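Here's the structure, in structure tokens; my notes come after.
Numbering of ligands and ligand atoms starts at 1, following listing order. Scope of the values below: all heavy atoms of this structure, side chains included, with no hydrogens, waters or symmetry mates. Everything numeric in this text was worked out from a predicted model, so none of it was measured.
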Amino acid sequence: MKKMKKLLLACTLLLSVSWNGTAQTEEKSIRIGTDDSEMIFKVADNGRLYQQYFGKKLVDYTGLEQLPTKHEAYITNGMEDYFEPALRMTHADGNPSVLLKYVSHTEEKTPYGTETAIVLRDDKYPVTVTLHYTAFDKENIIKSHAVIVHQEKRPVTLYDYASSMLHFDRESYYMTDFTGDWAREVNMTEQKLEYGKRIVDTKLGSRASMFTSPFFMVSMDGPARENSGEVLLGTIGWTGNFRFTFEVDNKKSLRIISGINPMASEYTLQPNEEFVTPEFYFTLSNEGTGKATRSFHDWARRYQLKDGMKGRMTLLNNWEATYFDFNEEKLIDLFDDAKALGVDMFLLDDGWFGNKYPRHSDTQGLGDWQETADKLPHGIGRLVKEATDKGIKFGIWIEPEMVSPKSELFEKHKDWVIDLPNRDDYYFRNQMVLDLSNPEVQNFVFEVVDNLMEKHPGIAYFKWDCNSPITNIYSNYLKDQQSHLYVDYVKGLYNVLERIKNKYPDLPMMLCSGGGGRSDYEALRYFTEFWPSDNTDPVERLFIQWGYSHFFPAKSLAAHITSWGKQPLKFKLDVAMMCRLGFDIKINELSEEEQQFAKNAVQTYETIKPTVFEGDLYRLVSPYSGNHTASMYVGKDKGTAHVFAFDIHPRYDEQIPKLKLNGLDPAAKYKVKEINLMPGNTSALSANDKIYSGDYLMTVGLDIFSAGALKSHILELTRQ
Ligand code: GLA
């Protein structure tokens, strides 16, 4: 598959070069490494592939040959292994076993690292599994997936088909998952892994991560720490059912198996058809979760997130300002608010479509993507024009994978809907999911965007929502292959998103799923940002943003000022300005002073965006640890930094700790200035306008936290 300059190490090659440069015979070692960490695989005498090492990059490999080959790289089922396999299948003749032997591997240098493909083959059946690893040297990220193919005479059935299997031999393991529900996403819970299995998975289909997110951390030899310790951060790029299995065995070894959730998803594979698993992305940090986070952010911006190196637009959204109750005039008035605020764009939310069943509430209309004539008599065209005339961009909400039973689409195409023929219907938010395994439905979903763009090329942004999980699962299209639906749904979705990206490469899109029900790095190849939660209460957001920040850079997290929460506007803005800022509020209900403050904040935000979007995140004090929290972003050249500090609910007579900063140049001097103050206010902080060394700021710290509830500060540090 990789055609460029290949360094082929064929199966016949018995002589390879060891890592310290000396010749090694009769052994094949394969190193998958970055500047910081590496995995070493070895082909043992029995011809099978073992993960011999995964840890910090070694400076000298002498002694490595002593390491046992006990952890098979991609464990199969039905032979001598007693624990959870990566691959389980039945052959065409009904034999339920697989035994994989090394065939060959290739390594290809890329501008950012190395791509390695290791070919394994069953020694009795024509089944090939190729393990792909892409290492990003500087960012210390490795991604891996597997490709399964066979040449048996008849189809085989895959039951388990992991993207990745990793092995660890450490004293102890502490796993953190990110779980919750609607409006309380990504609560971090850490637990020690003991003998047995801990499974983190989802069966929700479309709104896959409503209860649990597709990422985790495993800290070795003790609970995870921010700036020290060995920790693995991993995430699966699959916008559907995923499963992480953490299994500690009788020898205290940990195996982590990541991939599509195989539940109700056995896959019939035709001869020569390739089953390509999704990518699993991971980083092993030796300096705690902070470094792992910065690795993910750098990598995502450079290589994964759509428009990762580009800016993002500030916006005014009308969802909470109007809900479904708006018309043309009301919206055009809101454009003036957007203009007055100084944001880049107006985003029209749900409620603009449907005529036979107008979308006046969430009970109907999904699927009928034509403007409601009595609400918008001159259509989207007028709105785009008015917005453009006022000097702002126009964005629009869609939920194209869904259908309301009360819609013309449903009346016309019942067979396009995922629904069991002989059961009572079940509606989640009064809606159902379209069957994206069906190419006709894929065309329809593509055309929701394409028709709008063809008619109104001025549309500058989409918010793509997805509120319902898949329920009553049955596809009219797949007929006798129902167990393909969860997988083929996601493939169908990618097909649509790929077509949109190809035709409209510069169109920014926000991924939303009733809040943070979708948040994976494969989807983020097509989306510039995602909506972390419908909960915009800023105190809640401090926790939610803290959680997501482990994997996702600030520019990918949309944060809007709304009426959720009774905190002062200043507190709300200070929280939202740590991410991609927007507003979803009735501006005219703010006091004059608040309106002025909001306008100033939009200006201030423009000045801090370079560090927040492109800089390094240092989490300083966790909201989980008590009554205060703080994080800071440091520009790559360490010349500018922004500190965000919050007092949530300090206790009576609490001893207030100094806030120690991080990531600065210890030898440099920095001037501290408090910014984003309410009009007319001056900073009461003793550090304001003072100069400190980076060393002092990081070792001694500043008095920023206070005993006042819901107080917040943004500090700008400028190297002198
Ligand atoms: C979901 C989204 C909200 C909003 C509504 C509209 O709940 O998360 O932001 O767009 O749908 O119905």
Which bit of R429 is near ligand 1, meaning a heavy atom under 4.0 Å away: side chain, backbone, both or neither? side chain
Is the contact between E399 and ligand 1 made by the side chain, the backbone, both, or neither, using heavy atoms and a 4.0 Å cut-off?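 It is neither part, as no heavy atom is under 4.0 Å.
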Find all atoms of ligand 1 within a distance of less than 4.0 Å from any non-hydrogen atom belonging to W319, and give their numbers and elements. 3 (C), 4 (C), 5 (C), 6 (C), 12 (O)
How far is [atom] from the closest protein heavy atom, and which atom is that?
| atom | answer |
| --- | --- |
| atom 9 (O) of ligand 1 | K463 NZ, 2.8 Å |
| atom 3 (C) of ligand 1 | D534 OD1, 3.6 Å |
| atom 2 (C) of ligand 1 | D465 OD2, 3.1 Å |

Would you kindly check if the NZ (Lys) or CZ (Arg) of [X] is within the cone defined by 45 degrees around the ring axis of [Y] and under 6.0 Å from the six-membered ring centre?
| X | Y | answer |
| --- | --- | --- |
| K375 | W352 | no |
| R541 | W531 | yes |
| R499 | F446 | yes |

From atom 4 (C) of ligand 1, work out which of D350, N318, D349 has a heavy atom at the shortest distance. D349
Hey, is K555 close enough to E614 for a salt bridge, meaning N to O under 4.0 Å?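 Yes, this pair counts.
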Taking the basic N atoms (NZ, or NE/NH1/NH2) and the acidic carboxylate oxygens, is any pair closer than 4.0 Å for D344 and K393?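 Answer for the salt bridge query: no.
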With sequence neighbours excluded, what pairs up with A576 under the side chain to side chain contact (heavy atoms under 4.5 Å, CB included) test?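 So A576 forms a side chain to side chain contact (heavy atoms under 4.5 Å, CB included) with A559, I561, L581.
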Does the N or O separation between G515 and ligand 1 drop below 3.5 Å for any pair?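 Checking ligand 1 against G515, an N or O pair does fall under 3.5 Å apart.
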